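Presented below is the structure to which this report refers.
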Amino acid sequence: MAAISISNLTNQIPTFHNHNKQSYPFLSHLSLHNHNHNHNHNHKLSLSSNFTNTSFRTCTTSITALNSGEYSSEKPAILVSEKLGEAGLQLLRRFGHVECSYKLSPEELCARIGDFDALIVRSGTKVTRRVFEAAKGRLKVVGRAGVGIDNVDLQAATELGCLVVNAPTANTIAAAEHGIALLSAMARNVAQADASMKAGKWERNKYVGVSLVGKILGVMGFGKVGSEVARRAKGLGMNVIAHDPYAPAARAKSIGVEMVSFDEAISTADFLSLHMPLNSSTLRSFNDQTFAKMKKGVRLINVARGGVIDEDALLTALNSGIVAQAALDVFAEEPPSKDSKLAQHENVTATPHLGASTKEAQEEVAIEIAEAVVGALRGELSATAANAPMVPPEVLAELGPYVTLAEKLGRIAVQLVAGGSGIQSVKVVYASARNPDNLDTRILRAMITKGIIEPISDAHVNLVNADFTAKQRRLRITEEKVSANANSSQEQQQPVESIQVQISDVKSKFQSALLDNERIISIEGKVRAGVPHLTRVGAFSVDVSLEGNVLLCRQVDQPGTIGHVGNILGEHNVNVSFMSVGRSVKRATAIMAIGVDEEPDRATLNKIGEVPAIDEFVFLHL
Ligand SMILES: NC(=O)c1ccc[n+]([C@@H]2O[C@H](COP(=O)([O-])OP(=O)(O)OC[C@H]3O[C@@H](n4cnc5c(N)ncnc54)[C@H](O)[C@@H]3O)[C@@H](O)[C@H]2O)c1
Ligand SMILES: O=C(O)[C@H](O)COP(=O)(O)O
């Protein structure tokens, strides 16, 4: 894959106007899909004859004009594909259009998904790459109303910039209670005895059970559910050991649970209860080899995920008596086939994935996921994001203006690169008067990446996919944090004093942006009174607020030039919002930075290029 090329910008990227600014104020930080490609106007902007013709999409960080599907008003559209508690639905309805379609086939889901901004699922909906691709950029968030996100293709979501959030806490107790219910029911053959009675029998000798007290329970995965199961099992008089490579031993110890290795757990336990996530390292980790190491007659409970067990191996172990009984709430395929030998096995107690299914848990889960999805659609960062940095709200609030600055600096820097250059290496230097090591730069880096990549590609970059997109395009972004001297107490309180963006090994269409003519484009920005400013271009200090578009001119520092350019703009009804001149030596070369509200047309720009004192200039869309 080639480095980002800007060689053919001239005729490929039409000027882009977004006429459908939406009012989701923070979404720009997170989810910047733009659905207005149909509104492209093929305006081309010609800079003076000395310069490469370039056009850029205007920077529009507003979001998501909804597609022209069924839901086309200003409100976001939310598809709920599995049963969700009423309280959560009400919350969602207050915010957007909600469609509950509980029986969509995979094909129907793909056909409909492009009409929605959010999708809420439980474990029964497979949110595959096909679904994300079918969404064609509109889907901004997938909410998993529960814990396990193994039914969502996280990689595809990340690549396509879709946030995935879950509701990780609300069903913990329900799942733990179900685990204990299965443990007890299995030990006393409750389900089998009940079925026998319903068949008119009275089989007291057949259903003699085993006691729990004094037995060893091995909890595999000592997270939220596992630790609650352990706590309850202790109350039943069991000796509990646990295996979890990532859980702190002290937490287990505090409730009287000993952490042991995988092999020790499986070889000493009388009962094994599984509570780890399904991922590539846990997939079928209970298999022929591991069953062979277990104590003969072990009893197995699984309320985690069916896929952690090799089901054929379990069947063999049940038939050979290595596993005396199993209690399964989850299956590799759900529902399992009607003639599943496992579900039908007389030593298996089976439930249809009921772990989270209590009234209380479902109401709580629905509220938890509705809040997470609404927050994400509003552009807030989520505390339960599975594929984006979780940035605390207070950090986000503080970094807000720097987020805008970062994106604009990225946009400016890339527009200064001359056609024919391939951008490979970007360096960002953050200066802070506070301890720079404490600065969380993930959002800023994502926004710089967005600013650099979006004007020269069709990619939609956001916090979710920024690093992935940069990597995919072989754009290496390095960061440096340096200490800044604070000149005032206000500067001391700011999280960031300045952000410098450098693009190395490129030519510039504005020579003055190069550092010592070294093929390094360098610009710097600051936030002043909450407004992003461009404060340095190459070696020249400037000060222009980045609120409209910017014209940068290098000129001979002599009387009249500023007025001349200002007049040309005025004559063509282009309003100047800000102007600053930076020079190194009196009456030598100066850089003039002009903020303009409107986009000057080609004739206006040509006239500026004809001003004798102007050596070079560039118009930058922000
Ligand atoms: N049946 C249901 O309805 C139901 C309900 C809730 C949760 N679940 C499932 O239960 C599981 C646990 O949920 P949770 O909320 O406790 O999650 P959690 O993230 O709080 O806990 C999972 C624990 O597993 C540990 N772990 C990771 N890899 C491991 C490995 N290889 N071996 C041992 N431990 C490992 C993690 O360190 C973590 O402590 C998940 O698979 C979840 O999907 C099922
Ligand atoms: O991971 C979970 O939260 C549980 O497996 C619950 O799944 P469900 O929402 O489909 O009941």
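Order of listing sets the numbers, starting from 1, for every ligand and every atom in it. Predicted, not measured: the structure shown is a model, and the values here were computed from it.
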Within the 3.5 Å criterion, strictly below it, is a donor on Asn279 or Thr282 matched to an acceptor on the partner's side chain? yes
Side-chain atoms of residues 264-275: list all donor-acceptor pairs with protein atoms under 3.5 Å, sequence neighbours left out, distances to 0.1 Å.
{"residue": "Ser267", "atom": "OG", "partner": "Asp263", "partner atom": "O", "Å": "2.7"}
{"residue": "Ser267", "atom": "OG", "partner": "Glu264", "partner atom": "O", "Å": "3.3"}
{"residue": "Thr268", "atom": "OG1", "partner": "Glu264", "partner atom": "O", "Å": "2.5"}
{"residue": "Asp270", "atom": "OD1", "partner": "Lys295", "partner atom": "NZ", "Å": "2.8"}
{"residue": "Asp270", "atom": "OD2", "partner": "Ile216", "partner atom": "N", "Å": "2.8"}
{"residue": "Ser273", "atom": "OG", "partner": "His275", "partner atom": "NE2", "Å": "2.7"}

Evaluate the ring planes of His243 and Phe262, with Trp represented by its six-membered ring, and classify them as parallel (under 30°), tilted (30 to 60°) or perpendicular (over 60°). perpendicular
Looking at ligand 2, does Gly355 have a heavy atom less than 4.0 Å from it? no
Just need the protein heavy atom nearest to atom 7 (O) of ligand 2, so name the residue and atom and give the distance. Arg144 NH2, 3.1 Å
Quick one about Asn239 and Glu258 (side-chain donor to acceptor, distance below 3.5 Å, no hydrogens or angles considered), yes or no? no
Any side-chain heavy-atom pair of Tyr102 and Ser81 under 4.5 Å: no
Contact region, Val330 to ligand 2, non-hydrogen atoms below 4.0 Å, reads neither
Distance alone, cut at 3.5 Å: any donor-acceptor contact between the side chains of Thr169 and Glu368? yes
Residue and atom name of the nearest protein heavy atom (relative to atom 3 (O) of ligand 2), distance in Å to one decimal: Val147 N, 2.6 Å
Would a distance-only check, ignoring hydrogens and angles, find a side-chain to backbone donor-acceptor pair under 3.5 Å from Arg138 to Asp115? yes
Close-range residues for ligand 1, whose non-hydrogen atoms fall below the 4.0 Å threshold: Val147, Gly148, Asn171, Ala175, Gly221, Phe222, Gly223, Lys224, Val225, His243, Asp244, Pro245, Tyr246, His275, Met276, Pro277, Thr282, Val303, Ala304, Arg305, Asp329, Val330, His353, Gly355, Ala356
When you compare ligand 2 with Asn171, is there at least one nitrogen or oxygen pair between them that comes in under 3.5 angstrom? yes
Which option wins on minimum heavy-atom distance to atom 11 (O) of ligand 2: Arg122, Lys83, Glu82? Arg122
For ligand 2, is there an N or O atom under 3.5 Å from any N or O atom of Ala356? no
Flag Gly148 as yes when one of its N or O atoms lies below 3.5 Å from any N or O atom of ligand 2, and as no otherwise. yes
With Arg305 as reference, evaluate Glu334, Met276, His353 under the side chain to side chain contact (heavy atoms under 4.5 Å, CB included) test and give the passing residue. His353
